[in-house]
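Right, one structure below, let's go through it.
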There are 2 protein chains.
Amino acid sequence: MNEKDHYFLLYLARNIGFHGTMETSTGKIAKGLDISQQTVSRKLLEFAEEGLIIRSVTSTGMKLALAEKSREKLRTLYGELQTLFGKQLTLSGILKDGLGEGRFYMSQEQYKKQFQSFLGFVPYQGTLNISVDKDAAVAFVATKKQLYITGFSTKERTFGGLKCYSVLIAKKIPGAVIVPDRTAHTLETIELIAAVNLREMLELENGKKITVQ
Amino acid sequence: MNEKDHYFLLYLARNIGFHGTMETSTGKIAKGLDISQQTVSRKLLEFAEEGLIIRSVTSTGMKLALAEKSREKLRTLYGELQTLFGKQLTLSGILKDGLGEGRFYMSQEQYKKQFQSFLGFVPYQGTLNISVDKDAAVAFVATKKQLYITGFSTKERTFGGLKCYSVLIAKKIPGAVIVPDRTAHTLETIELIAAVNLREMLELENGKKITVQ
DNA sequence: ATTACTAGGTTCCGAGTAA
DNA sequence: TTTACTCGGAACCTAGTAA
């Protein structure tokens, strides 16, 4: 098997399911992958030959299931990417005084709703400002999936959007780093939120060191 | 860019590092990927052309760094695999009487230490035995990362190794499924452990239904 | 409808080799 | 030593079409 064919396999896995079977046809797959029906036919024959899939031609098309061998291949690929991304980077910094603005932002219903759906929790009303090394912070967020919280307007004013990255604070509390689109500080300072009052939970005071991963 | 070239990219990412740079040569990469030096040379030129990598030829070879575009591509691929593997499968079963043996096992220091380092918690001394559908259980653990707790011997007796899979019990309690190497039951019964007394925390009694994910 | 064979065209690879 | 060009051949893809 040409290892490049993993993509074909990935497509099949997504549609068939990891353990399921599926009634489909070479034409449908061809459309999905944007290649010819002939190529799909040929590839599927090759894959079956190599024991990657289980295949049976029916009157209306064919029935497909992944074989263990292809599950193994996908797991390997996944593992490789995990080692690449999974190097649980940590970011450390010093707690400093916030501007009290975070509290106001976090009290807005429209932010709260989005945090709930993106992060799975409603943030405690207040943010933690941490001084960090800018380059380290940039590298850190680069490895994280970026979630985007959209802005909105009320009668009184406009609230901007913000990027947010799910993290684990002090090795135990699930939370997030938030980066407002329009912010006074660059990544020299990051803002942390969590479902709980972090200052209390972690018995923090200004100047203390905090690590997120 | 041919999407199949992701493999080439993955190799580069692993060797260069996600954000780093690296002094290397087309010959070395060719050896690593088991393709010709000429192909590597051609591919790298193509990649640079497409803004996937940053490339500069030196007297001894070349200096390479990934560009943001290729990081993005790898992230996408990773994301696709995550949705494939990450479909938080759940497994449900009925609580049944244990043999009281679990308690004895979990009291062994050498097991405790390993659980602490692999799972991040020391299990409560006692296991929960759950009757489940065997096939569902096999499919369930297949999607989980397998952690292996090694066995050991004391003066009195030998303790076998066990496989263990990190799970979330009843949607809220972090725990693990353990599968002893030598076990009376096959996967018709799974054993659960957690940092806390699950019977109390979940107000369980025999015959109740439990779900893990 | 389907699957899948044949034929012809395109893409891709690597040995040889220049710089 | 390098990188990277040329070019012949292998691998691959798809239109046409049989079953």
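In what follows, every chain begins at residue 1, and chains take the letters A, B, ... in the order their sequences are listed.
- Not a single ring pair (Phe, Tyr, Trp, His ring centres under 6.0 Å) links A/Tyr124 to another residue, sequence neighbours left out.
- Note on the helix from C/dT2-D/dA19 to C/dA19-D/dT2: angle between the axes of the first and last five pairs equals 30°, rounded to 10 degrees.
- Looking at A/Glu80 and B/Arg14, a side-chain N of the basic residue comes within less than 4.0 Å of a carboxylate O on the acidic one, giving a salt bridge.
- Contacts of A/Arg42 classified as side chain to side chain contact (heavy atoms under 4.5 Å, CB included), with partners at least two apart in sequence or in another chain: A/Thr39, A/Glu46.
- B/Ser25 comes within 4.0 angstrom of sugar-phosphate atoms only, judged by non-hydrogen atoms across all strands, and of no base.
- Within the 4.0 Å cut-off from OP1 or OP2 of C/dC13, not a single side-chain nitrogen or oxygen of B/Thr39 is found.
- Nucleic acid contact class of A/Ile35 (heavy atoms, under 4.0 Å, all strands): sugar-phosphate only.
- Summarising the geometry, the separation between CG on B/Leu44 and P on D/dT2 is reported as 14 Å, rounded to the nearest angstrom.
- The nearest whole Å value for the distance from the NZ atom in A/Lys43 to the P atom in D/dA11 is 13 Å.
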Report, one line per pair, each donor and acceptor closer than 3.5 Å where one atom sits in a side chain of residues 110-121 of chain A; sequence neighbours left out.
| residue | atom | partner | partner atom | Å |
| --- | --- | --- | --- | --- |
| A/Tyr111 | OH | A/Gly160 | O | 2.5 |
| A/Gln114 | OE1 | A/Thr150 | N | 2.9 |
| A/Gln114 | OE1 | A/Thr150 | OG1 | 3.2 |
| A/Gln114 | NE2 | A/Gln110 | O | 3.4 |
| A/Gln114 | NE2 | A/Thr150 | O | 3.0 |
| A/Gln114 | NE2 | A/Thr150 | OG1 | 3.4 |
| A/Ser117 | OG | A/Gln114 | O | 3.3 |

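- Partners of B/Ser70 under the side chain to side chain contact (heavy atoms under 4.5 Å, CB included) rule, at least two apart in sequence or in another chain, are B/Leu9, B/Leu52, B/Leu66.
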Between the protein and nucleotides 15-19 of chain C, which nitrogen or oxygen pairs come in under 3.5 angstrom?
| residue | atom | partner | partner atom | Å |
| --- | --- | --- | --- | --- |
| C/dA15 | N7 | B/Gln38 | NE2 | 2.7 |
| C/dG16 | N7 | B/Gln38 | NE2 | 3.4 |
| C/dG16 | O6 | B/Gln38 | NE2 | 3.0 |

